[in-house]
Amino acid sequence: MDAQSYNTALSHLRTLRDEIKKMRAALTRLEADRDKQITQLTAYGKAKAERIAPAAGLSVADVVALAPSLAPDTLNHDSRTPAQPAAAFDSQPASHETEPVAQPSAAPTTPPADLPQPAPSAPADATPADEATPDSPRTLPSIPDGQTGDAWFTHTQGLASTRPNFTQQARSTVFLDTTTGVLIHRQQTHHLDLGNATAADILTAVFHTIPEGVERIYITAGDPWHRDADRYPYLRDAVAAWLNAPIAGWRTDTGRGRDRMAGHFVHARNPVGRYQRENGEQHVEIRSVGEWFDTDGDDPTVIRDAFVLLWQALRRHWSDAVIMGSPSQTGRDLWTRTIPTRGQYADGFPVLSEELRGLLHATAGQGRNELIIPPRVPEQLPQLVEYDRTFAYAKHTWKSPVGTPRRITAATFAAWSEKEQMRALYGCGHWQVRVTVPETWNHIGLLPAPAPGDRAWHYPATPGTTFTTWAGGPEIHTALTNPIQPWKIEILDGILWNDGKPLDDWAKKLKETWTNLSAQAQFHGDPQQARAAHLASRAVRSILLYGIGAFAQRPRMVTGTTPRSMERDVPADAEIIAFDDEHITWQKPTGFSRDPNAHPEWAAAIWSGARAALLTQRHRDDNTYAGALHTPPGTVVAFRTDALYLTQPQNWPYHHQPGDYLLRGHLTGPVPAPTTEEELLALRDTGRAELAHSAQEA
């Protein structure tokens, strides 16, 4: 580029700047006019927020925020007590709520300095020193005091996980590369003309090629839902528009039979489109293979072979195994088929009360994702080394919470002996604690604390910092017994279950399946079959990983499309996400359904154990330890769920067992310390490539 071109480009930028300012000003005026119109509508005595919302292109909550008088009666007449969380399901409870003040023990004991201390008593009007300030946008809920909170410690009546008494039916499946148009159906290969690769183009081409119909279309490459991404501000918006574009002769699936999955699932990378014929005779899903494993330009034939190998391997342990649409569906279905037919839980595993499930949803995070930036690490890293815990969650399924949970107050905990306290913390529990970082601490943070943002967490490590949080037993135990210095932990409240093994049989079978497929991938003489076996082993990992996540029963979003002429049919609790002259596209949360397989206590326990193992993990056979706390201060760069990024290589044992630390990448330095996730991922990919190149040369 010469000077003239440079100056011309600058002039064009100034023009764009001025146009953007004008457009923003116009948009502001339009929004102000819209808000004024909404306010004026309140003069009509029968005005309803659920009617106004779709007309304005807003959610009901947005309309109520502008015109509080339109709030439904259930919102205007709130019967909650001040100590009760705003809603059992809220991940962001109201900021005015305070933490309960623990009651002193009738006969207090003094635990040793390295054990959790009971919360001190305080006057009724006292404010905890670490209570969230007005500029802290997120606090965690607490269990209400007295009988209100005690009533949470039960199970939902008539709801339990039971062994199914039916055989799961397989669905006719095809594999489609939308880049090349190659379609694999059973042993046949077809070449399709997909046009613009819209959902309509795909359904038309597939059903023309296979007149008898299919029920599931896996997209192996091409990501057709991203074709118009440059027209939308966010990738998710482009996906929603692709899924909800009208298709002649088809409409959004509303579910059938035992399959309660209905409506599209909008996800930026791995969406699910569910469609049915207008006459209701055919149902089909369009899904991404990326739900199961990452592909690297693999041919659809290899991917089809991977699913065949996966099914064959699962059948060795489950005679009625069926591969369902997603790893999470498959994982939970296989687990239900391991529920014992004899013994204590022959009638099933009961589901916790909605209140406790909501509390766990709000207070039990998943993987640890943290980037540590200068000055806590050097500006120039001497190197960047990536370690990834192999099949990590499978390491933490041997023990899980079962039975009716007990509430352990600060007073109860203080009255216990030291042995009873440590047994409880080593058991299956979820604890509300006040944490203080030691004054001489110089390493990473150990316990998660709520950070601004929905379900966001950070890990305070500044000496002397005090914060209140919830954490699982494995993490609390690690904070108290870590190899550097014990942290001060004050128990405020807790939930304690009996130890059980509801997931052990399921996980053992999946681990054996993973081991067998991994061996095939390593020793098979046919490169194509070796690759298929590798992908199948990754699919087993996803079945366990996402199967565990499914137990958490996160609230999900469902999207739908309604003609503009029928805007009254837009659900009252839906948010308008797009609209044109003919259609309104909306999304709504499905919330917590009466799911018989909802066990967030199991997911929370596994996630807590996995986060603790990132800090310290004992290898009994080698009589050594691995983890972030066994590295020098200042050498930990980042955590990403199961992965640990360091500035120094470690001599940690690796025996191809679940939980072992595998060296995945090694980037020689000096390397600028990453300050964003994008920079970290770029360095990760470079480090993996460099390690692979070094291995080839060796």
Side-chain angles (χ1 to χ4, degrees), residues 114-117 119 130 140 359-370 372 389 392-393 395-401 405 408 410 413 421-438 441 443-451 455-462 465-497 499 548 552 600-618 625-631 636 639-644 659:
D114 59 346
L115 282 178
Q117 304 295 317
D130 58 335
L140 296 179
L359 182 73
L360 287 165
H361 166 67
T363 61
Q366 192 172 351
R368 178 169 181 168
N369 289 284
E370 181 185 22
I372 301 172
R389 295 187 65 228
Y393 286 0
K395 176 79 171 179
H396 306 286
T397 55
W398 63 277
K399 181 177 72 172
S400 301
I408 308 300
F413 189 88
Q421 291 178 347
M422 293 308 294
R423 184 188 301 119
L425 293 175
Y426 192 71
C428 295
H430 191 59
W431 304 91
Q432 185 183 35
V433 291
R434 183 176 291 121
V435 184
T436 301
V437 182
W441 187 257
H443 218 294
I444 56 173
L446 303 186
L447 292 171
R455 296 195 58 76
W457 302 89
H458 67 143
Y459 294 80
T462 303
T465 299
T466 296
F467 59 95
T468 299
T469 190
W470 285 84
E475 294 167 282
I476 301 294
H477 190 269
T478 297
L480 291 167
T481 62
N482 75 81
I484 300 175
Q485 183 180 7
W487 282 29
K488 180 182 178 182
I489 308 290
E490 299 173 77
I491 298 294
L492 302 176
D493 216 335
I495 311 168
L496 187 62
W497 290 267
D499 296 350
I548 291 169
E601 69 276 19
W602 297 348
I606 292 169
W607 294 338
S608 178
R611 290 193 298 269
L614 277 175
L615 301 175
T616 178
Q617 174 177 281
R618 184 186 178 192
Y625 289 84
L629 291 180
H630 302 280
T631 65
V636 178
F639 297 88
R640 277 187 60 81
T641 308
D642 303 330
L644 182 60

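Note: hydrogens, waters and symmetry copies are ignored here, and every other heavy atom, side chains too, is used.
Taking CD1 from Ile489 and CG from Leu446, the interatomic distance works out to 8.5 Å, rounded to the nearest 0.5 Å. One finds the CG atom of Asn482 at 11.0 Å from the NE2 atom of His477 (value rounded to the nearest 0.5 Å). Once rounded to the nearest 0.5 Å, the distance linking CD of Gln432 with CG of Leu492 reads 5.0 Å. To the nearest 0.5 angstrom, Glu490 atom CD is 6.0 Å from Thr436 atom OG1. Distance check: Arg611 CZ to Gln366 CD gives 9.0 Å after rounding to the nearest 0.5 Å.
Using a distance-only test at 3.5 Å, with no hydrogens or angles considered, a donor-acceptor pair links the side chain of Trp441 to the main chain of His443. Proximity of a side-chain donor or acceptor of Thr469 to a complementary backbone N or O of Pro448 within less than 3.5 Å is detected. Not a single donor-acceptor pair under 3.5 Å links the side chain of Arg640 to the backbone N or O of Gly367. Judged by distance alone, with hydrogens and angles left aside, the side-chain atoms of Thr478 form a donor-acceptor pair with the main-chain N or O of Pro474 at under 3.5 Å.
More than 12 heavy atoms of other residues, nucleotides or ligands lie within 6.0 Å of OH in Tyr459, so this atom counts as buried by the packing criterion.
Side-chain contact between Thr397 and Ile548 is present, with at least one heavy-atom pair separated by less than 4.5 Å. Between Leu644 and Val636, some side-chain heavy-atom pair lies under the 4.5 Å cut-off. With contacts defined as side-chain heavy-atom distances shorter than 4.5 Å, the pair Ile484/Leu629 qualifies. In this structure, the side chains of Leu614 and Glu370 stay at 4.5 Å or more apart for every pair of heavy atoms. Side-chain contact between His361 and Pro600 is absent, with no heavy atoms from C-beta onward closer than 4.5 Å. Side-chain contact between His458 and Phe467: absent, with no pair of heavy atoms (C-beta onward) separated by less than 4.5 Å. Ile476 places a side-chain heavy atom less than 4.5 Å from the side chain of Val433. Considering only heavy atoms from C-beta on, Tyr393 comes within 4.5 Å of Asp642 through its side chain.
When all heavy atoms of Gly429 and Leu496 are compared, the pair lying nearest together is CA-CD1, 4.1 Å. For the residue pair Ala628 and Thr631, the shortest heavy atom distance occurs at O-OG1, 2.6 Å. Considering every non-hydrogen atom in both Arg389 and Gly659, the closest pair reads NE-O, 3.3 Å. Across all their heavy atoms, Tyr625 and Thr616 have their closest contact at CD2-OG1, 3.7 Å. Taking both residues in full, the closest heavy atoms of Trp607 and Gly365 are given as CE3-O, 3.2 Å, listed atom of the first, atom of the second, then distance. Nearest approach of Ala610 to His396, heavy atoms of both residues: CA-NE2, 3.6 Å.
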Side chain to side chain contact (heavy atoms under 4.5 Å, CB included) between Ile408 and Ile491, worked out: CA-CA 9 Å; Ile408 308 300; Ile491 298 294; 5.6 Å; no
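The aromatic rings of Trp431 and Phe413 lie perpendicular to each other, with more than 60° between the two planes, well past the 30° mark.
The ring pair (Phe, Tyr, Trp, His ring centres under 6.0 Å) search around His430 returns Trp470, not counting sequence neighbours.
Checking each of His630, Arg368, Glu475 against Leu615 for a side chain to side chain contact (heavy atoms under 4.5 Å, CB included) leaves exactly one that passes, namely Arg368.
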